[in-house]
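These notes concern the structure reproduced below.
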Amino acid sequence: MNIPLLCWRSLVIFLMACAFLLVEPVQGYMYGGDISKAGTNIFAFVSILLFVFFAMEVSEYRKILVNRKNFLVVSFGVVFLLFVFISGAIKGAVSNDFFALMRSLVLGYFVYCFCALIPYERRRQTLYGVSFFVWIFVFISIVAGSITGYGLYTYADHSSGYKFFYPSLNELNFVFFASFLVLIFVSSSAFVRLFYVLATMIVFLVLGNKSFVALFAVSLCCYCWLRASFIWRICIVLLLSFLVVLLFCTGSVGYLFWLLIDFLIYILSEFSSGSSKLAIKLSYLSPVSALISERDALFLIARDIYVSSYGWYETVLGAGFTSYGYAYGALRGGGGFSFSEIDLVDVFMSYGVVGVVLLLSVMLSVYRRGCELDDGLYMLRRILVVLFVVAGSLTGHIYLMGFPIFFFSCYAGLCSSGSRGREM
């Protein structure tokens with residue numbers, strides 16, 4: 001009786017992952033781009049109801065959802081949600097907050113805890129199954145779309161890159177790269193790992209997006225740092241400090257910085273299908289601003305809103321995602337709802353210091369060491385947390401979006417610590 005139940009838990013999360021992945025291109029096809037999150041919101045809501053049902057029926061799932069270790073974080077989160085919805089309802093601006101928090105904080109927590117319930121013996125198999133399906137589906141759809149010309153341009157205004165019908169490129173990039181990381185960790189063959197690396201690079205070059213460079217660099221640095229012993233970490237810090245002092249004393253910092261920028265621009269302009277967009281941006285922007293897709297200008301809009309409209313109350317508790325989004329959209333031009341696409345900035349502007357503290361507390365609770373049964377999965381979990389935080393801070397469309405939240409929570413939950421013998 002236990003074997004079917006063990007398979008059932010893995011099957012549930014696999015089917016949900018497939019559905020979440022398929023919702024994205026269908027949503028993009030229906031709306032012609034990143035216009036609506038209706039499909040994501042509906043499926044997130046249905047998923048939450050399913051997890052609530054599991055919580056009512058399965059006592060061990062209830063124990064994972066709320067226990068002594070996470071009681072404070074859960075209590076703080078519940079109070080935070082109630083405050084956001086009540087204050088938003090009073091101001092008449094709560095719709096976007098409801099959907100954003102539902103598909104991020106609430107959905108992510110339920111998914112993480114459910115995946116942590118899957119027994120240790122099924123973790124790697126489930127991880128591989130979910131990540132491989134996501135990776136191969138994205139790979140085939142992107143490559144086939146670029147060959148046939150079927151799908152959406154990555155950058156429609158510049159007629160460059162191909163992204164099939166995936167709406168948000170930043171969300172797709174994170175989910176695809178996170179799936180690639182999982183496959184690298186769970187695969188034992190060096191040849192298979194090399195294949196995943198080369199094929200993943202091809203996808204990013206077809207997409208014409210620059211984020212692969214940052215995602216790969218962050219993951220590699222994080223891996224090397226976590227693998228190093230305490231002594232080696234001290235040596236690395238001392239060596240880097242010495243190099244920084246040497247560069248500043250010799251006046252070579254600016255030269256090396258621009259040399260690196262020139263090298264990145266050369267690689268992207270020669271081999272990436274998004275080169276036409278980069279070339280156009282370089283004609284009227286600085287190289288740095290072009291490489292970061294004008295995030296510097298988007299940050300300044302948020303800064304202007306903060307300077308002109310925020311006091312101590314908004315600094316601590318925020319203005320709400322809905323109110324902030326419409327204020328940002330009005331200042332950005334074109335009206336409607338918008339945001340800076342720098343998630344850490346958007347969380348702070350929407351939910352203040354309290355929201356940022358809650359975010360970092362959740363990430364720290366996922367990152368920290370528990371009763372680890374597999375050091376490899378623990379390493380993967382830590383890298384995923386760092387990548388999640390950095391990707392959201394650099395590219396946006398991560399922290400409050402259901403697609404990346406689901407897969408981050410799924411992978412992190414399957415890599416979480418826990419007992420070997422959990423049974424329904």
Anything under 30° is parallel, anything over 60° is perpendicular, the rest tilted; go ahead and classify Phe176 against Phe204. tilted

Under the side chain to side chain donor-acceptor pair (under 3.5 Å) criterion, do Ser141 and Tyr166 qualify, and how do the steps go? CA-CA 10 Å; Ser141 59; Tyr166 297 100; 2.9 Å; yes

Donor-acceptor contact present, side-chain Arg303 to main-chain Leu298, <3.5 Å: no

Taking the six-membered ring for Trp, are Phe321 and Phe337 ring centroids under 6.0 Å apart? yes

Of the non-hydrogen atoms in Cys415 and Leu127, which two are nearest, and what is the gap between them? SG-CD1, 3.8 Å

Name each donor-acceptor pair under 3.5 Å that joins a side chain in residues 403-414 to protein atoms two or more places apart or in another chain, with its distance.
unit_1: Ser409; atom_1: OG; unit_2: Gly108; atom_2: O; d: 3.3
unit_1: Ser409; atom_1: OG; unit_2: Ile405; atom_2: O; d: 2.8
unit_1: Tyr411; atom_1: OH; unit_2: Ser179; atom_2: OG; d: 2.7

Report the C-alpha separation of Tyr351 and Phe80 in whole Å, then their side-chain angles, then the decisive distance to 0.1 Å, and conclude whether the ring pair (Phe, Tyr, Trp, His ring centres under 6.0 Å) test is met. CA-CA 9 Å; Tyr351 307 116; Phe80 171 75; 5.4 Å; yes

Say whether, by atom type as modelled, one donor and one acceptor occur between the side chain of Ser87 and the main chain of Val84 under 3.5 angstrom. yes

Count the heavy atoms of every other residue, nucleotide or ligand shown that sit under 6.0 Å from CZ of Phe216, and state whether that count exceeds 12. no

Is the CZ atom of Phe45 crowded by more than 12 outside heavy atoms at less than 6.0 Å? no

Is it true that the side chains of Tyr109 and Asn70 contain a donor and an acceptor less than 3.5 Å apart? yes

Look at Glu57 together with Arg62 and state whether they make a salt bridge at an N to O cut-off of under 4.0 Å. no

Report yes if the side chains of Ser47 and Met16 come closer than 4.5 Å at any heavy-atom pair, otherwise no. yes

Whether Tyr61 side chain and Phe110 backbone form a donor-acceptor pair below 3.5 Å: yes

Check: Ser10 main-chain N/O paired with Arg122 side-chain donor or acceptor under 3.5 Å: no

So, the side chain of Arg332 versus the backbone of Ile301: is there a donor-acceptor pair under 3.5 Å, distance only? no

Quick one: closest heavy-atom pair of Arg368 and Arg381, and the distance? O-NH2, 2.8 Å

Closest heavy-atom contact between Arg193 and Ser188? NH2-CA, 4.4 Å

Between Ala302 and Met349 the two heavy atoms that sit nearest each other are O-CE, 3.4 Å

Which is it for Val26 and Phe165 under the side-chain contact (heavy atoms from CB on, under 4.5 Å) test, yes or no, and what are the steps along the way? CA-CA 7 Å; Val26 171; Phe165 288 102; over 6 Å; no

Partners passing side-chain hydrogen bond (donor to acceptor under 3.5 Å, both in side chains) against Ser350 (at least two apart in sequence or in another chain): none

Should the heavy atoms of other residues, nucleotides or ligands under 6.0 Å from CH2 of Trp232 be counted, would the total exceed 12? no

Please determine which of Leu172, Asn173, Ile142 meets the side chain to side chain contact (heavy atoms under 4.5 Å, CB included) test together with Val203. Ile142

Report yes if the side chains of Asp343 and Thr395 come closer than 4.5 Å at any heavy-atom pair, otherwise no. no

Please name the pair of heavy atoms, one in Ile383 and one in Cys222, separated by the smallest distance, quoted to 0.1 Å. CG1-SG, 3.8 Å

Under a 3.5 Å distance rule, please check whether Ser187 uses its side chain to pair with a backbone N or O of Ser189 as donor and acceptor. no

Mind checking whether Tyr328 and Phe339 have ring centres under 6.0 Å apart? no

Backbone N or O of Ser168 within a donor-acceptor pair of the Glu171 side chain at under 3.5 Å? no

Flag yes if more than 12 heavy atoms outside Lys63 fall under 6.0 Å of its NZ atom; otherwise flag no. no

Using modelled atom types and a 3.5 Å cut-off, is there a donor and acceptor pairing between side-chain atoms of Lys91 and backbone atoms of Ala319? yes

Checking the side chain of Thr154 only, and the main-chain atoms of Tyr162 only, is there a donor and an acceptor separated by less than 3.5 Å? yes

Which pairs, with at least one residue in residues 17-28 and sequence neighbours excluded, count as a side chain to side chain donor-acceptor pair (under 3.5 Å)? Glu24-Thr40, Gln27-Thr40

Under 3.5 Å, is there a donor-acceptor pair linking the side chains of Tyr306 and Thr315? yes

Can you confirm whether more than 12 heavy atoms, excluding those of Tyr29, are under 6.0 Å from its OH atom? no

Verdict with reasoning, Ser393 to Tyr399, per side chain to side chain donor-acceptor pair (under 3.5 Å): CA-CA 9 Å; Ser393 300; Tyr399 298 166; 3.3 Å; yes

